[in-house]
Every structure is written in C-alpha cells, then in structure tokens.
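Comments concern the structure below.
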Amino acid sequence: MDLDSFKYFLIIDVEATCNNDDSFPVNEMEMIEIGAVLICADSLTKLDEFNTFIQPQRHPKLTDFCTNLTSITQHNVDHAPYYPEAINTFQNWLGNYHNYLFCSWGEYDKQQFEQDCAFHNVPYPIPAPHLNIKKQFSKTQKVRKRHGMAGALKLAQISLTGSHHRGIDDANNMIKLMPYVIGRKSI
Ligand code: AMP
Ligand code: MG
C-alpha cells in the first residue's frame with residue numbers, strides 16, 4: 001500500500017465488553033468505546049478527535065474485569081447511546097473528511113466493527129482502506145515479533161500517557177508511534 005497517497009491517517013482504537021472467566025464468548029463481545037484521532041499524513045499532527053461510549057445490549061452489565069482493564073465504568077455505558085446511534089454520530093463526524101487511511105493496532109478493531117454491524121444490522125461505517133499498524137510497525141522497524149502498543153512505546157522509549165485500554169488514550173498514544181510505523185524514525 002502506498003502510504004504517501006493519503007492526506008490523513010485515522011487512528012481508531014475500540015474497547016469492548018470482556019471477561020476472564022468464559023462467561024460469554026468473543027463473538028458476543030460488544031463495543032463500549034470508540035476512540036478516534038485524525039492526523040495529517042505529512043506532519044503527523046492531530047487535527048481532530050472523536051470519542052464516544054456505547055451501551056452494550058447483549059451483556060449490559062460490565063464485568064469487574066472489564067472495568068478494571070479499561071477503566072470504563074457501568075455509569076459511563078449506562079448513559080451512552082446504543083451502537084446504531086453511536087455509529088450514526090461517528091459517521092457524521094467521518095463525513096467531514098476524505099482521503100484517509102483507517103489505521104489500527106492489529107486487526108481486532110476492524111473486526112469488532114464488523115461484528116457489531118452484523119449484530120445490529122447496520123452497514124460497516126468506515127469508507128476507507130484499513131492498515132494494520134502493528135504489522136506495519138514490525139515490517140518498517142525490521143523486527144520479527146509483533147509488539148503490543150505498550151511494548152512498541154517502550155521499544156521507542158516513549159511514555160504511555162493516559163489510561164492504557166481506554167480507546168481515546170490508546171489512539172492518542174499511537175500517534176506517537178506513527179513516525180516509526182511509516183519509517184521516519186527508527187527504534
Ligand atoms: P485494547 O485496545 O488493547 O485496549 O483492547 C481492546 C479490547 O480487547 C478490550 O476492551 C477488551 O474487550 C479486549 N481485551 C484486551 N485485553 C484483554 C485481555 N487481557 N483479556 C480479555 N480481553 C481483553
Ligand atoms: Mg484500547
């Protein structure tokens with residue numbers, strides 16, 4: 001993929017319901033937060049951001065494990081829109097921009113959109129190609145291992161700001177890794 005052909009990189013990190021006791025399967029995980037930052041592909045500086053919590057429908061009560069992992073509380077999701085309404089708001093925001101590449105750390109975030117869209121019977125909302133920036137980071141930096149976002153920050157000696165596993169904080173931390181992802185800087 002020719003990364004130079006895009007005007008913006010749209011970095012998205014989503015959080016979802018989860019457990020550590022198999023109380024529901026991964027194909028029943030539901031999105032509870034979208035964190036998105038839009039950066040200029042030239043300067044890699046942030047131009048805009050979008051953040052929403054989402055109320056899950058199938059497993060509306062968050063597990064303690066999920067709240068501890070993400071720092072997202074029951075109160076946060078109880079007052080949030082359900083997925084179709086949140087997606088509608090997200091799409092209105094996305095409509096302000098063209099010629100962007102959807103970037104996420106791994107394939108998971110894209111797959112979670114596909115899963116929630118199928119469940120709620122709404123179209124997939126992001127009209128852009130997708131780049132797995134976890135894979136791209138390893139490729140550009142010539143490391144065989146696939147590093148988690150926190151591990152990649154450590155390798156690059158960059159501090160993690162905010163709360164790890166909060167979508168908007170994860171997305172903002174990924175901005176700092178983009179010079180390494182696109183090969184402008186080396187670890
Ligand atoms: P992340 O972007 O790494 O914050 O993770 C996205 C989502 O994946 C989280 O909101 C959880 O639903 C799930 N997840 C991440 N790490 C774990 C884990 N260690 N155990 C179970 N689910 C996880
Ligand atoms: Mg995250």
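Neither side chain, Thr89 nor Asn92, offers a donor N or O lying under 3.5 Å from an acceptor on the other. For the 3.5 Å distance criterion, the side chains of Asn173 and Thr161 qualify, holding a donor opposite an acceptor.
Neither Leu160 nor Leu69 shares a network with the other; the hydrophobic side chains, linked directly or stepwise wherever heavy atoms of I, L, V, M, F, W or Y lie under 4.5 Å apart, form separate groups for each. Tracing side-chain contacts under 4.5 Å through hydrophobic residues (I, L, V, M, F, W, Y), one never reaches Tyr82 starting from Ile34; they form parts of separate clusters. Under the 4.5 Å side-chain contact rule for hydrophobic residues, Phe102 and Met174 do not share a cluster. Residues Tyr108 and Trp105 are members of separate hydrophobic clusters, defined by side-chain heavy-atom contacts under 4.5 angstrom among Ile, Leu, Val, Met, Phe, Trp and Tyr. Hydrophobic clustering (side-chain heavy atoms under 4.5 Å, transitive across Ile, Leu, Val, Met, Phe, Trp, Tyr) groups Leu10 together with Tyr97.
A side-chain hydrogen bond (donor to acceptor under 3.5 Å, both in side chains) check over residues 1-13, counting only residues at least two apart or in different chains, returns nothing. Residue pairs meeting the salt bridge (Lys or Arg N to Asp or Glu O under 4.0 Å) criterion with at least one member in residues 44-65, sequence neighbours excluded, are Lys46-Glu49. For residues 12-41, the ring-ring contact (aromatic ring centres under 6.0 Å, His included) pairs, not counting sequence neighbours, are Phe24-His59. Residues in residues 119-137 take part in these side-chain hydrogen bond (donor to acceptor under 3.5 Å, both in side chains) pairs, two or more places apart or across chains: Ser104-His130, Glu107-Asn132. For the side-chain hydrogen bond (donor to acceptor under 3.5 Å, both in side chains) condition, no pair includes a residue of residues 139-156, sequence neighbours left out.
Between Trp93 and Phe90, the ring planes lie parallel to each other; the angle is under 30°, not in the 30° to 60° tilted range.
In terms of the side-chain hydrogen bond (donor to acceptor under 3.5 Å, both in side chains) criterion, Thr63 has no residue partners (sequence neighbours excluded). Residues that satisfy the side-chain hydrogen bond (donor to acceptor under 3.5 Å, both in side chains) test with Gln157, not counting sequence neighbours, are absent from this structure. Remark: Asp116 pairs with Gln112 by the side-chain hydrogen bond (donor to acceptor under 3.5 Å, both in side chains) rule, at least two apart or across chains. Glu30 is linked by a salt bridge (Lys or Arg N to Asp or Glu O under 4.0 Å) to nothing, counting only residues two or more places apart in sequence or in another chain. Residues satisfying the side-chain hydrogen bond (donor to acceptor under 3.5 Å, both in side chains) test with Gln115, not counting sequence neighbours, are none.
Between the OG atom of Ser71 and the CG atom of Asp169 there is a distance of 7.5 Å, given to the nearest 0.5 Å. To the nearest 0.5 Å, atom CG of residue Asn27 and atom CZ of residue Phe119 are 11.0 Å apart.
The environment of His75 atom NE2 is sparse: at most 12 non-hydrogen atoms of other residues, nucleotides or ligands sit within 6.0 angstrom.
Side-chain contacts under 4.5 Å among hydrophobic residues (ILVMFWY), followed directly or transitively, place Val77 together with Ile32, Phe53, Leu62, Ile72.
Aromatic ring centres of Tyr100 and Phe9 lie farther apart than the 6.0 Å criterion allows.
At least one donor-acceptor pair closer than 3.5 Å links the side chain of Gln74 to the backbone N or O of Pro60.
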Determine all donor-acceptor pairs shorter than 3.5 Å in which one atom belongs to a side chain in residues 179-187; sequence neighbours excluded.
| unit_1 | atom_1 | unit_2 | atom_2 | d |
| --- | --- | --- | --- | --- |
| Arg184 | NH1 | Asp42 | O | 2.8 |
| Arg184 | NH2 | Ala41 | O | 3.4 |
| Arg184 | NH2 | Asp42 | O | 2.9 |

Stepwise side-chain contact (heavy atoms from CB on, under 4.5 Å) check, Cys66 with Glu15: CA-CA 9 Å; Cys66 184; Glu15 303 304 328; over 6 Å; no

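A salt bridge is defined here as a Lys NZ or Arg NE, NH1 or NH2 lying under 4.0 Å from an Asp or Glu carboxylate O, and Arg166 with Glu33 meets this definition.
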